[in-house]
Amino acid sequence: AEPAAVVAAADMLLAAERPLVIAGNGTLGARMGDLLLELHALTGIPIATTPQAKGVIDETHAACLGPLGRDGVYPSNRASRGCDVVLALGTRFGDRSASSWREGATHNTATQKLIHVDIDAAQLGRNYPPALGVVSSAQVFVADLLAVLKSRAEAVRKARTQQAAWTDKWQGWKQQWEADVTKTSGRGDVPIHPDRVIGELRRVLPENAIVAADIGMNHTWVVQQFKVRRGGYLVQSGGLASMGMGVCGALGAKLAAPERP
């Protein structure tokens with residue numbers, strides 16, 4: 001990544017009071033989970049993902065806000081529209097993850113500074129104007145950013161102090177969401193409540209199970225509530241797939257990993 005851009009991004013994040021990292025599908029393809037968690041451990045910045053990036057970090061990890069957008073969850077959308085600086089990595093801000101670009105639903109572009117990092121220059125400014133656009137693989141950029149931040153330990157410490165109120169807020173939003181889902185995941189409705197379907201699946205499936213989500217409202221429930229522990233454990237389409245792709249996805253997954261359910 002351009003060194004001056006990396007330094008500028010570090011300056012913006014260290015000056016922020018309410019920073020947020022958004023990890024897109026580019027981070028999942030690059031298997032960036034360890035790098036992202038290292039960034040969180042150093043800075044305390046929470047991580048939201050696009051629906052297509054589910055599993056790039058363990059969704060049960062304290063740093064993970066969950067997926068955002070129209071199929072997303074409360075803590076990630078709430079943090080996304082309430083933050084002041086966004087570091088977006090490997091995402092094109094598509095209509096699903098950006099709630100059809102409705103201002104104030106997932107993003108508040110008028111009041112936020114966007115650092116947009118993508119390997120495809122055509123994505124920068126395509127849907128949202130960045131304060132800082134960086135053409136780079138997300139993996140290389142984050143590695144370079146970590147190096148800069150580690151050289152500025154005192155500034156990082158001060159930034160974490162000024163972000164204390166923000167940390168309390170996003171942690172509270174996570175707790176509120178989990179409490180609300182717990183209420184509905186155990187209900188005995190007939191017909192069965194969708195939240196209970198996902199809750200039961202979470203309880204009985206082994207951690208290494210591959211889940212294939214077909215197209216429809218069922219996909220929304222899976223994106224929102226099925227916690228993916230590792231990348232590649234959820235087969236889904238975020239684009240224009242036809243109904244029935246879940247069957248094909250499950251067959252393909254079994255061919256690729258026959259030893260896993």
Side-chain angles (χ1 to χ4, degrees), residues 22-23 25 28 46-82 94-100 102 104-106 169-254 260-261:
I22 296 177
N25 194 39
L28 179 64
I47 302 167
T49 73
T50 64
Q52 287 297 101
K54 273 179 71 72
V56 62
I57 60 173
D58 183 346
E59 290 196 296
T60 66
H61 194 284
C64 186
L65 296 176
L68 44 68
R70 77 166 192 248
D71 298 321
V73 297
Y74 172 71
S76 59
N77 279 314
R78 182 64 184 83
S80 181
R81 62 178 179 259
D95 67 310
R96 292 178 79 100
S97 66
S99 298
S100 299
R102 181 177 177 182
T106 294
K169 285 183 178 180
W170 64 258
Q171 289 179 344
W173 295 329
K174 279 193 65 170
Q175 293 168 2
Q176 178 181 341
W177 169 256
E178 292 296 336
D180 288 345
V181 170
T182 299
K183 291 177 185 177
T184 51
S185 64
R187 282 170 43 168
D189 297 29
V190 178
I192 190 170
H193 195 287
D195 294 356
R196 181 169 182 183
V197 174
I198 303 301
E200 298 288 359
L201 287 173
R202 284 175 58 182
R203 279 187 281 274
V204 301
L205 287 179
E207 284 191 9
N208 71 334
I210 302 172
V211 174
D214 216 311
I215 306 301
M217 282 302 298
N218 50 286
H219 180 227
T220 296
W221 303 324
V222 170
V223 169
Q224 284 187 338
Q225 298 183 37
F226 192 86
K227 292 188 182 295
V228 181
R229 304 298 301 273
R230 289 180 57 189
Y233 282 30
L234 174 63
V235 178
Q236 59 169 328
S237 170
L240 298 175
S242 61
M243 290 188 175
M245 64 79 56
V247 177
C248 310
L251 291 171
K254 196 63 177 175
R260 291 168 56 190

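Just so it is clear, the values below take in all heavy atoms, side chains as well, and ignore hydrogens, waters and symmetry mates.
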Check side chain to side chain donor-acceptor pair (under 3.5 Å) between [X] and all other residues, then give those that pass, not counting sequence neighbours.
| X | result |
| --- | --- |
| Ser185 | none |
| Tyr233 | Arg230 |
| Gln224 | none |
| Thr182 | none |

Restricting to salt bridge (Lys or Arg N to Asp or Glu O under 4.0 Å), what partner residues turn up for [X], sequence neighbours left out?
| X | result |
| --- | --- |
| Arg70 | Asp95 |
| Arg260 | none |
| Asp71 | Arg96 |

Legend entry - Any pair counted as side chain to side chain donor-acceptor pair (under 3.5 Å), so long as it reaches residues 171-181, sequence neighbours left out: Glu178-Lys227
Legend entry - Euclidean distance, His193 NE2 relative to Trp221 CH2, rounded to 0.5 Å: 9.0 Å
Using a 3.5 Å distance criterion without hydrogens, assess whether the side chain of [X] forms a donor-acceptor pair with backbone atoms of [Y].
| X | Y | result |
| --- | --- | --- |
| Asn77 | Leu68 | no |
| Gln236 | Pro51 | yes |
| Ser80 | Thr106 | yes |

Please set out all donor-acceptor pairs under 3.5 angstrom arising from side-chain atoms of residues 201-213, sequence neighbours excluded.
residue	atom	partner	partner atom	Å
Arg202	NH1	Gln225	O	3.3
Glu207	OE2	Arg229	NH1	2.8

